[in-house]
Amino acid sequence: QVPLVESGGRTVQAGGSLRLSCLASGRTFDSLAMGWFRQAPGKEREFVASINWNGGSTYYADSVKGRFTISRNNFANTIYLQMSDLKPEDTAVYYCTSGASILAVATSVFGPWGRGTQVTVSS
């Protein structure tokens, strides 16, 4: 577990693009898989994407495949979520988390989580 700070969320038009960032503190960052979840109003938190410790493997929810790309910069202790062709259904608070593997991240229930960053996609 490491402290996590998400940023980059804002209001964008449908069809637009946005990049989210998550800064992770701690010396164990390089060994961790990382990922993104999101939670829309009135809905459960849902998995979005995960990436392994060296960025060589990624895993995506079906709802974002082909539109979102997860990446990481271990030198900067940061992961990113590049979102393209945004849709109103993508509106949510986006959270990042860490775990032992991309699958462990994808099934995370208790985090750790940052405070999240709000993404709003307007029509």
Engineer: Cluster question for you: counting only ILVMFWY and a side-chain heavy-atom cut-off of under 4.5 Å, with indirect links fine, are Met34 and Leu81 together?
Structural biologist: yes
Engineer: Quick check: closest heavy atoms across Arg72 and Gly55, and the distance to 0.1 Å?
Structural biologist: CD-N, 3.8 Å
Engineer: Can you tell me how far apart OG (Ser101) and CG (Leu32) are? Round to the nearest 0.5 Å.
Structural biologist: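 Here the rounded value is 11.0 Å.
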Engineer: I would like to know whether Asp90 and Arg38 meet side-chain contact (heavy atoms from CB on, under 4.5 Å); could you show each step before the answer?
Structural biologist: CA-CA 9 Å; Asp90 296 317; Arg38 66 187 182 186; 2.9 Å; yes
Engineer: Starting at OG of Ser98, measure out to CZ of Phe29 and round the result to the nearest 0.5 Å.
Structural biologist: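 Ser98 OG to Phe29 CZ: 9.0 Å, rounded to 0.5 Å.
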Engineer: Which residue in the set Val119, Leu18, Leu20 passes side chain to side chain contact (heavy atoms under 4.5 Å, CB included) when paired with Arg10?
Structural biologist: Leu18
Engineer: Any donor and acceptor pair, going by atom type alone, linking the side chain of Ser108 with main-chain N or O of Ala106 inside 3.5 Å?
Structural biologist: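 The answer is no, because no donor-acceptor pair under 3.5 Å joins these two groups.
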Engineer: On a heavy-atom basis, which atom in Val121 and which in Ala14 lie closest, and how many Å separate them?
Structural biologist: CG1-CA, 3.6 Å
Engineer: Nearest 0.5 Å, please: how far is OG in Ser63 from CD in Glu46?
Structural biologist: 5.0 Å
Engineer: Working to the nearest 0.5 angstrom, can you tell me the gap between Leu23 CG and Asn73 CG?
Structural biologist: 11.0 Å
Engineer: With sequence neighbours excluded, give me every ring pair (Phe, Tyr, Trp, His ring centres under 6.0 Å) pair touching residues 50-105.
Structural biologist: Phe47-Tyr59
Engineer: Report yes or no: does Thr117 contribute a side-chain atom to a donor-acceptor pair with the main-chain N or O of Gly9 at less than 3.5 Å?
Structural biologist: yes
Engineer: Checking Asn52 now: which residues fulfil side chain to side chain donor-acceptor pair (under 3.5 Å) with it, not counting sequence neighbours?
Structural biologist: Asn54
Engineer: How many angstroms lie between atom OG of Ser17 and atom CZ of Arg67, to the nearest 0.5 angstrom?
Structural biologist: 10.5 Å
Engineer: Treating Ile, Leu, Val, Met, Phe, Trp and Tyr as nodes and any side-chain heavy-atom pair under 4.5 angstrom as an edge, say whether Trp36 and Val12 lie in one connected cluster.
Structural biologist: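 Both belong to a single hydrophobic cluster.
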Engineer: Hey, mind stepping through Thr91 and Gln118 against side-chain contact (heavy atoms from CB on, under 4.5 Å) and telling me if it holds?
Structural biologist: CA-CA 8 Å; Thr91 295; Gln118 176 71 51; 4.0 Å; yes
